[in-house]
**Q** 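My questions all concern the structure below.
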Number of protein chains: 2
Amino acid sequence: MKVTRKSDYGLRALCTLAQRYNQEPVSIGQLSAEHKIPEPFLEKIMQELREHGLVEATHGRGGGYLLKKRPSAISLREIVHALDGPIALVTCLDPSLKCAIEDGCPTSPVWEIVNQKLEEYLGSLTLSDVMDLTHRPLSGEGDRVSGKVKVS
Amino acid sequence: MKVTRKSDYGLRALCTLAQRYNQEPVSIGQLSAEHKIPEPFLEKIMQELREHGLVEATHGRGGGYLLKKRPSAISLREIVHALDGPIALVTCLDPSLKCAIEDGCPTSPVWEIVNQKLEEYLGSLTLSDVMDLTHRPLSGEGDRVSGKVKVS
DNA sequence: CCAAAATCCGAGTGAAATACTCTGATTTCA
DNA sequence: TGAAATCAGAGTATTTCACTCGGATTTTGG
């Protein structure tokens, strides 16, 4: 039950791009230095994000990556989908496979529900929300609301 | 982002035990035949469930496993915890490890929130709910409520 | 009492997924 | 034209997963 490092690294990089939204492009070198992510690995990640239309790249000297949409229009769900693929909480739910037990599989209905809940929730969180949370971490003051992110 | 087969298999086996709550114990042989789970693997799974107090075993002829609590008192969360360990959506969140980036990790706050949501949700679903869902699958009739399980 | 039926326990293994790396090509701009 | 950047695809090491194996222990029916 894990989000891969790819998704986590990708999200970190996107946070930086969100901060510099509408500014100069940011290179892999800068991003990997800032977040201590291995360069060639991050390169792959950024490529996938580009292929999924979350980011655009400019080549050559002074080049790098830019967000293609505003931070509040990019959901966690999109990011995870781009890097880890659609969420299939259980192997059964992977559309490319078929459940061994054809009829009346006793568990897939629940996993489907949980899966959907998770997708919905990830869909409701945007890059802006992530940045808000980073700058005002959850500590002490009980339940807090920031934007549409409710913790309790 | 997957629940392991262990958790899925464990849940299936527990469904059977829930059906026979307060009856004779059910052996690994019966359980593995019913759900097409490899016997020695299921044996391990049942042992872990016992170690976590979800199930009790009786040895020898006619022996097998029984639920230790009523089905409505066993949550999906407990089951997953017993078999896959506490949910750590991202490696960072695993209490036994430490985040590479000590301060101001830009992503852990979000993952923590999502993690907690997921735990809460799994905690709200019980074995009884799972069984209700199995017998009345979600199809056609739009959003439906069964017990405290809300799908929409 | 003893043999069969069950669980218990610890170690081991094969395959797949994850987390990367490497090499070289291509684009862009100063 | 060459340095700085991305692009593209193949390759590899490590870890996790999904399961196996062998033998000990407990219980009960006959």
Side-chain angles (χ1 to χ4, degrees), chain A residues 1-13 17 24-33 35-52 54-66 68 80 83-85 87-92 94 96-97 100, chain B residues 1-13 17 24-33 35-52 54-66 68 80 83-85 87-92 94 96-97 100:
Chain A
M1 185 100 74
K2 285 212 156 60
V3 167
T4 62
R5 265 177 209 276
K6 257 164 76 174
S7 284
D8 187 40
Y9 288 164
L11 179 57
R12 291 178 196 211
L17 298 190
E24 297 299 291
V26 188
S27 72
I28 299 276
Q30 293 173 273
L31 292 170
S32 72
H35 298 291
K36 297 177 189 153
I37 302 170
E39 268 199 49
F41 193 31
L42 183 58
E43 201 182 319
K44 282 298 173 206
I45 292 170
M46 297 312 291
Q47 278 176 31
E48 287 188 67
L49 290 174
R50 182 183 49 86
E51 284 159 11
H52 284 85
L54 296 179
V55 116
E56 65 190 342
T58 57
H59 278 225
R61 218 195 176 83
Y65 293 91
L66 287 170
K68 222 172 162 180
V80 172
L83 298 173
D84 283 351
I87 294 173
L89 210 55
V90 142
T91 321
C92 273
D94 191 321
S96 66
L97 301 167
Chain B
M1 186 98 75
K2 285 214 155 59
V3 168
T4 63
R5 265 176 209 277
K6 257 165 74 175
S7 284
D8 186 40
Y9 287 165
L11 179 57
R12 291 178 194 212
L17 297 190
E24 298 299 290
V26 188
S27 72
I28 300 276
Q30 292 174 273
L31 291 171
S32 72
H35 298 290
K36 298 178 188 152
I37 302 169
E39 268 198 50
F41 192 32
L42 183 58
E43 201 182 319
K44 281 298 175 208
I45 293 170
M46 297 312 291
Q47 277 174 32
E48 288 187 67
L49 290 174
R50 182 184 47 86
E51 284 160 11
H52 285 84
L54 296 180
V55 116
E56 66 189 342
T58 57
H59 278 226
R61 218 191 175 87
Y65 293 90
L66 288 171
K68 223 173 162 181
V80 172
L83 297 172
D84 282 351
I87 294 173
L89 209 55
V90 142
T91 322
C92 272
D94 190 323
S96 67
L97 300 166

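Per chain, numbering begins at 1; letters A, B, ... match sequence-line order. What you see is a predicted model, and the numbers here were worked out from it, not measured in a lab.
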**Q** Roughly how far, to the nearest 0.5 Å, is CZ of B:Arg61 from OG of B:Ser27?
**A** 12.5 Å
**Q** How long is the gap from CD on B:Glu56 to CG on B:Leu17, to the nearest 0.5 Å?
**A** 10.5 Å
**Q** Just report the end-to-end axis angle for the helix from C:dC1-D:dG30 to C:dA30-D:dT1, five pairs per end, to 10 degrees.
**A**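 Here the helix ends are tilted 0° relative to one another.
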**Q** Apply side-chain hydrogen bond (donor to acceptor under 3.5 Å, both in side chains) to B:Thr4 and list each qualifying residue two or more places apart in sequence or on a separate chain.
**A** B:Asp84
**Q** Grab the two heavy atoms, one from B:Met46 and one from B:Ala13, that are nearest each other, plus how far apart they are.
**A** SD-CB, 4.0 Å
**Q** Identify, with sequence neighbours excluded, every residue that meets ring pair (Phe, Tyr, Trp, His ring centres under 6.0 Å) alongside B:Tyr9.
**A** B:Phe41
**Q** Measure the distance from CG on B:Leu42 to C1' on C:dT7 and round it to the nearest whole Å.
**A** 12 Å
**Q** Can you tell me how far CD of A:Gln47 sits from CG of A:Leu42, rounded to the nearest 0.5 angstrom?
**A**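 Here the interatomic distance stands at 10.0 Å.
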**Q** Between which nucleotides of DNA chain D, read 5' to 3', does contact with chain B run, using atoms under 4.0 Å from its heavy atoms?
**A**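 The protein-touched segment is D:dA18 to D:dG29.
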**Q** For B:Arg50 and C:dA6, what is the distance between atoms CZ and P respectively, to the nearest whole Å?
**A** 17 Å
**Q** In whole angstrom, what separates B:Leu31's CG from C:dA5's P?
**A** 18 Å
**Q** Please encode protein proximity along nucleotides 11-23 of chain C as a string of B, S and -, counting only heavy-atom distances under 4.0 Å.
**A** B-------SBB--
**Q** Tabulate protein N/O versus nucleotide N/O from nucleotides 25-29 of chain C, keeping only pairs under 3.5 Å, one per line.
**A**
{"unit_1": "C:dT27", "atom_1": "O4'", "unit_2": "A:His59", "atom_2": "ND1", "d": "3.2"}

**Q** By side-chain hydrogen bond (donor to acceptor under 3.5 Å, both in side chains), which residues pair with B:Glu48, not counting sequence neighbours?
**A**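 Testing B:Glu48 for side-chain hydrogen bond (donor to acceptor under 3.5 Å, both in side chains), a comparison that skips the adjacent residues, returns B:Lys6.
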**Q** Which part of the nucleic acid, if any, lies within contact of A:Gly64, taking any heavy atom under 4.0 Å across all strands shown: a base, the sugar-phosphate backbone alone, or nothing?
**A** sugar-phosphate
**Q** Please give me the minimum heavy-atom distance between B:Ile28 and B:Glu39, naming the atom from each residue.
**A**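 For B:Ile28 and B:Glu39, the tightest heavy-atom pair comes out as CG2-O, 3.8 Å.
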**Q** Taking only residues two or more places apart in sequence or in another chain, which ones pass side-chain contact (heavy atoms from CB on, under 4.5 Å) with B:Glu24?
**A** none
**Q** Hey, is the main chain of B:Pro38 close enough, under 3.5 Å, to the side chain of B:Ser32 for a donor-acceptor pair?
**A** no
**Q** Quick one: pull up OH in B:Tyr65 and CG in B:Leu54 and give me the separation to the nearest 0.5 Å.
**A**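 These two atoms lie 12.5 Å from each other.
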**Q** When you look at B:Ile37 and B:Leu31, which way does the side-chain contact (heavy atoms from CB on, under 4.5 Å) test go after all the steps?
**A** CA-CA 8 Å; B:Ile37 302 169; B:Leu31 291 171; over 6 Å; no
**Q** Which heavy-atom pair separates B:Thr58 from B:Pro25 by the least distance, and what is that distance?
**A** OG1-CG, 3.7 Å
